[in-house]
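Below you'll find the structure, written out as structure tokens, and then a few comments.
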Amino acid sequence: MKKIIYQSSLVLLLITACSCNKWLDLKPRDGITREAFWKTKEDVQAAVAGIYTSLLAPPPGVGDKALTEWIFIQGEIRADMVAAAAGITQDEVNAIDVNIVSSTSLSSWAAFYRTINYCNTVLDYSPGVKATDPTLTDAQLNAYSAEALTIRAMMYFYLVRTWRDVPLKLTSTAKDTDLENLPKSTAATILAQIVSDLKKAEAGAVNTYGNTASDKGRVTKNTVNALLADVYLWMDNYTDCIAACNKIINSQLYALQNGTGSWYTNVFYNGSSTETIFEFSNRNSVNNVFWSLLTQPRKRYMTNNYLSTDVFPADDVDPDRFFDIRAGEFFNSGNLAITKWGTENPSYVNWQAYRISDIMLLKAEALAMTGAGAEAIAIIDEIRLKRNAVTASAQTPDPGDGDAIVDYILAERSREFAFEGKRWYDLLRVAKRDNYRRLSVLLDMVSRTVSPLIQQSAITKYKDVNSHYMPIADSELFADPLLVQNPFYTK
């Protein structure tokens, strides 16, 4: 993996940043033409490396947040697990207070489309390399394409959950003549494309690269199925979700680690553990963004107070001896600092995209929605046992009550994936199910996050389902006249 990270510097010279006025503009600016680059299988490998590097940091000279920071913000700020700290911006305060406006700085999707363009570039140009380098085999080409298809699908999955209807761009932008205005495609169209891409990727992806770091830090068949399971559950396709989860579970390549003092170090600090299916691997190469975001004195976010009382309650018998191993590793209950992503500067804790516990709980939710409640509860119990979860956080839902079991799963996911950019999407997935039958999930959340003075206003806004998705940035609307604003933000 270190070799891949090193090679990525080349592709970021070749495929550089977006221009100031077009998010689809990605011209080479260092004098190296594509005709001089796409000649060998090593060129393809370098281009794929650039895709992974784009997950960690923007290209040199691009004034944008890292993709992991955007994932954290979009997945946490509108949910209930983070609160404002001293360095928070006004736009971030507004998001917490359910007061997002169309001009917010939080609506940039450039980082996601930048990575999509890297993926499109590999998909467009790598097949032609076979004509100049006969050592590039069909299997190698299919594997590289599978990596690009999967990361592209992941980026579109973030986009569709955050903005709902977004432009669908499946070809690369390399020069001015490639620029085009695009309208939004519907969420259903985007999701269908994601599933199609992932099915194709599964056929070409490798089972292993021959070493643990690469198997955790690059796309494998199990990465593809992890993303497919997540997408299927979002689409309420429970049968296919369970099938995708079972492929991973039945591979017997992953296992929950015991709840000992080394659990956090193995899974997060060191990374590439038996629990990890796919991680954004920056170990000893690109420091993550979270020291400035979560740790420094003027950090922007801290833990919401209710985590100490409701999410990770103290054991009601002996809190000094019995405690959930996740609580003390994920945040500091004294100053409410979020410590999950490291407290050093720089920090190299890998971003965990999918772990086996995620797959187990996705499967449990699908089981709960298909009448297999007892099996779903057994999965929750297995995870809680490994995490030393205390009795105070246990629930006893009726195996026949699917909604109650899903609520238990949501609670367990809040403990397992705290501050991993998943919470908002978990809440929204459950709330929107069956034509927003459980909108109350979001309305109840407001009571944990919004000041009583403005709670009623926030509740009124969330009753409009269009408010659950971000506005399109004003700069994008100006650059592309075919784009139409999310209707909630045109009132």
NZ/NE/NH1/NH2 to OD/OE distance under 4.0 Å, E69 and R300 | yes
Closest approach of L170 to D124 (non-hydrogen atoms, all atoms of both residues) | O-OD1, 4.4 Å
Starting at CG of N486, measure out to OG of S102 and round the result to the nearest 0.5 Å.
-> 10.0 Å
Euclidean distance, I116 CD1 relative to K169 NZ, rounded to 0.5 Å = 10.5 Å
Within the side chain of N258, is there an N or O that forms a donor-acceptor pair under 3.5 Å with the backbone of T260?
-> no
Do any side-chain atoms of residues 238-245 form donor-acceptor pairs under 3.5 angstrom with protein atoms, and if so which ones, sequence neighbours left out?
| unit_1 | atom_1 | unit_2 | atom_2 | d |
| --- | --- | --- | --- | --- |
| Y238 | OH | R433 | NE | 3.0 |
| D240 | OD2 | N237 | ND2 | 2.9 |

Can you sort out the partners of T137 under side-chain hydrogen bond (donor to acceptor under 3.5 Å, both in side chains), two or more places apart, ordered by chain and number?
-> Q140
Those residues at least two apart in sequence (or on a different chain) that pass side-chain hydrogen bond (donor to acceptor under 3.5 Å, both in side chains) with D80 are Y306, R423, R448
How about S262 and T265: does a side-chain donor come under 3.5 Å of a side-chain acceptor?
-> no
Identified ring-ring contact (aromatic ring centres under 6.0 Å, His included) partner of F72 from the options Y301, Y158, F419 | Y301
Closest approach of A353 and F280, non-hydrogen atoms and distance?
-> CB-CE1, 4.1 Å
Kindly say whether the aromatic ring centers of W38 and Y125 come within a distance under 6.0 Å.
-> yes
Any chance the side chains of D91 and S105 put a donor and an acceptor closer than 3.5 Å?
-> yes
Polar side chain donor-acceptor pair, K247 to N222, under 3.5 angstrom = no
Minimum heavy-atom distance between A368 and A376, given as atom pair plus value = N-CB, 4.1 Å
Quick one: pull up OG1 in T162 and CZ in F157 and give me the separation to the nearest 0.5 Å.
-> 10.0 Å
When L362, L228, L361 are each screened for side chain to side chain contact (heavy atoms under 4.5 Å, CB included) with L233, the one that passes is L362
Can you name the residues that form a side-chain hydrogen bond (donor to acceptor under 3.5 Å, both in side chains) with D426, not counting sequence neighbours?
-> R413, R429
Mind checking what makes side-chain hydrogen bond (donor to acceptor under 3.5 Å, both in side chains) contact with T132, not counting sequence neighbours?
-> none
Check against salt bridge (charged side-chain N to carboxylate O under 4.0 Å, His left out), E329 and K340 = CA-CA 6 Å; E329 302 291 2; K340 190 171 197 173; over 6 Å; no
Any idea which heavy atoms bring P59 and R114 closest together, and the distance?
-> CD-NE, 3.5 Å
Distance-only side-chain donor-acceptor flag, Q352 / T276, under 3.5 Å = yes
Would you call R152-D197 a salt bridge at under 4.0 Å N-O?
-> yes
Ignoring hydrogens and angles, state whether a donor on the side chain of N345 or Q296 is under 3.5 Å from an acceptor on the partner side chain.
-> no
Salt bridge (charged side-chain N to carboxylate O under 4.0 Å, His left out): which pairs involve residues 272-281, sequence neighbours left out?
-> E275-R355, E275-R387
State the OG-CG distance between S126 and L136, to the nearest 0.5 angstrom.
-> 7.5 Å
Is there a salt bridge (charged side-chain N to carboxylate O under 4.0 Å, His left out) between E412 and R415 once you walk through the steps?
-> CA-CA 5 Å; E412 196 56 39; R415 284 181 280 274; 3.1 Å; yes
Do we get K432 above W234's six-membered ring, with its NZ or CZ under 6.0 Å from the centre and within 45° of the axis?
-> yes
What do you reckon, is CG of N250 surrounded by more than 12 foreign heavy atoms closer than 6.0 Å?
-> yes
Does one side chain, of Q485 or T490, offer a donor that lies under 3.5 Å from an acceptor on the other?
-> no
Have D230 and Y425 got a donor and an acceptor in their side chains that come within less than 3.5 Å?
-> no
Sub-3.5 Å donor-acceptor pair from the side chain of T223 to the main-chain atoms of T220, do we have one?
-> yes
Have Q193 and S196 got a donor and an acceptor in their side chains that come within less than 3.5 Å?
-> no
Short side-chain donor-acceptor distance under 3.5 Å, T186 and D165 = no
Main-chain N/O of L293 paired to K299 side chain as donor or acceptor, under 3.5 Å | no
